[in-house]
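As structure tokens, the structure follows; a few thoughts come after it.
Numbers restart at 1 for each chain; the letters A, B, ... are given by sequence-line order, proteins then strands.
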2 protein chains.
Amino acid sequence: MLEGMARAVPETHGEILAAAARRFAVTGYKGTSLQDIAGAVGCSKATVLYHFANKEALLSELMAPAIAVLEALDARIAGTTGAAAQEIAGECFVDLAVRFRREIALLRGEFSDLLQQPAFAHIQQISERLITAFAGHSDRPSARIAALVVLAGIAETCAEFIDIPDDELRPALLAVVRRALEPVT
Amino acid sequence: MLEGMARAVPETHGEILAAAARRFAVTGYKGTSLQDIAGAVGCSKATVLYHFANKEALLSELMAPAIAVLEALDARIAGTTGAAAQEIAGECFVDLAVRFRREIALLRGEFSDLLQQPAFAHIQQISERLITAFAGHSDRPSARIAALVVLAGIAETCAEFIDIPDDELRPALLAVVRRALEPVT
DNA sequence: AGCATGCCTGACCGATCGGTCAGCGCCTGA
DNA sequence: TCAGGCGCTGACCGATCGGTCAGGCATGCT
């Protein structure tokens, strides 16, 4: 059974995944039909649904790595408070957003819709904790507003700048975060 | 023919417009069907299409005031440069975003899609000029990145905080803008 | 009375969506 | 040699979308 042996042909699963990632990033999740993906791969729509139980399963598998890192981020900021929380959350989130630009791009605007699905239910809580960290655990509304501006702004900006190199995007974003967040009293 | 006379019944046009604004702000443009709107008003889908040529016409009429103010903003920032451009653009845009929160909310994520339509074609150019102004007309990539973070962050935040009073949201946003934008060299 | 006009509607249309299903060809192990 | 599973497909399904259309029902003018 030599499991190291190269399997001859069947890389369709991965091809579908890659094509879906490309199409979702441009047209969004709802805006991309299974037909579109199948066409990009060069197979039939039925083949897509042979490799993935349904459209949502495709999305889940596509988002899995990003979600794993997001959960790691959540654990990382769990014990922090004040200015340290702001700094650590800023660094980690910018890193995540830059790395997973494509995954963020495909959620454009559908974020709140897709979040409703049970598969992504806990992400809502994580983003809530992220905002709290960005606000330096301050109760002041202005702190929370600044936190949301930064969070949403970074996400949108990463989705927009998909082509420029990471090394250019990351430090610029980090600088914005450090400037924009309200200093803890 | 006494044109001042109160017309007896027919306020359906306005009711449809109001209901559409409410539904769009929650479900988005693409996510809201003409059925939904008709149901909210209490009339048939055919009635909606009797008062409006098509779905896009409904959106256009809904967005008209916001677009008018946006164009005024564009004219206002036309002759500015450097730090003055940042300050004026910031004040005007925050004002616009807060006032037209609902209109912004209904574009959530569909912004880039709807922008393609000829009716909103020039908005793309306006937002381009807005980013340039936020960047203080600097060519540095980091300045443009900061500008986009601020622009997108404000829009998203306004769409999120639809309930809190203007007087609370506006100053907080202005403070973030002044902090976040990269100082002109 | 008769006619026109404005507002509204149910029925219907073609297109597209996500998803199902029976069955095809092909490779492989017994 | 042949049975069986794997990858894949075209045809099809019900639902929903935006949009059309002929006609109903008042109201008001002549």
Side-chain angles (χ1 to χ4, degrees), chain A residues 1-3 5-21 23-24 26-63 106 109-110 113-114 116-120, chain B residues 1-3 5-21 23-24 26-63 106 109-110 113-114 116-120:
Chain A
M1 273 306 156
L2 290 77
E3 68 279 352
M5 205 134 180
R7 297 250 252 96
V9 230
E11 206 43 45
T12 322
H13 187 96
E15 288 180 29
I16 293 173
L17 213 53
R23 300 295 301 146
F24 282 158
V26 176
T27 341
Y29 176 72
K30 279 190 304 185
T32 303
S33 69
L34 298 179
Q35 293 278 22
D36 292 337
I37 298 170
V41 175
C43 68
S44 76
K45 183 183 63 168
T47 300
V48 175
L49 288 161
Y50 169 77
H51 285 278
F52 300 90
N54 48 43
K55 199 185 179 186
E56 192 197 336
L58 223 180
L59 178 66
S60 291
E61 193 163 327
L62 216 44
M63 298 289 291
L106 69 85
E110 308 168 300
D113 302 345
L114 297 177
Q116 313 275 15
Q117 294 182 301
F120 307 114
Chain B
M1 275 306 156
L2 291 77
E3 69 279 351
M5 208 137 178
R7 300 250 250 93
V9 231
E11 206 43 43
T12 322
H13 187 96
E15 287 180 29
I16 292 173
L17 213 53
R23 300 296 299 146
F24 281 157
V26 176
T27 341
Y29 177 71
K30 279 191 303 187
T32 304
S33 69
L34 297 179
Q35 294 278 21
D36 291 336
I37 300 170
V41 175
C43 67
S44 77
K45 182 183 63 167
T47 301
V48 175
L49 288 161
Y50 168 78
H51 286 279
F52 299 90
N54 46 43
K55 200 186 180 186
E56 192 198 336
L58 223 180
L59 178 66
S60 292
E61 193 163 327
L62 216 45
M63 297 292 289
L106 70 85
E110 307 168 301
D113 302 345
L114 297 176
Q116 313 275 13
Q117 294 182 303
F120 306 114

B:Lys45 to B:Tyr50, cation-pi by 6.0 Å centre distance and 45° axis angle: no
Of all the choices, [options], which nucleotide is nearest to the side chain of [X] once you look at every atom?
X       : options               : answer
A:Cys43 : C:dT9, C:dG19, D:dT9  : D:dT9
B:Thr12 : C:dC8, D:dT20, C:dG19 : C:dC8
A:Ser44 : D:dT9, D:dC17, D:dG19 : D:dT9
B:Tyr50 : C:dC7, D:dT20, C:dT20 : C:dC7

C:dC17 phosphate, OP1 or OP2, under 4.0 Å from A:Ser33 side-chain N/O: yes
Taking [atom1] from [X] and [atom2] from [N], how many angstroms apart are they, rounded to a whole number?
X       : N      : atom1 : atom2 : value
A:Glu15 : D:dG7  : CD    : C1'   : 13 Å
B:Phe52 : C:dC8  : CZ    : P     : 11 Å
A:Leu34 : C:dT20 : CG    : P     : 11 Å
A:Lys30 : D:dT16 : NZ    : P     : 15 Å
B:His51 : C:dT9  : NE2   : P     : 9 Å
B:Lys45 : C:dC12 : NZ    : C1'   : 10 Å
A:Leu59 : C:dG18 : CG    : C1'   : 14 Å
B:Leu49 : D:dA22 : CG    : P     : 16 Å

Backbone N/O of B:Arg23 and side chain of B:Thr27: donor-acceptor pair under 3.5 Å: yes
A:Cys43 backbone acceptor or donor facing A:Thr47 side chain under 3.5 Å: no
First of B:Ala46 and B:Lys55 reached from the 5' end of DNA chain D, by closest nucleotide: B:Lys55
Check: B:His13/B:Glu61 side-chain N/O donor and acceptor closer than 3.5 Å: yes
First of A:Ala53 and A:Gln35 reached from the 5' end of DNA chain C, by closest nucleotide: A:Gln35
B:Lys55 NZ to B:Leu49 CG distance, which is reported to the nearest 0.5 Å: 10.5 Å
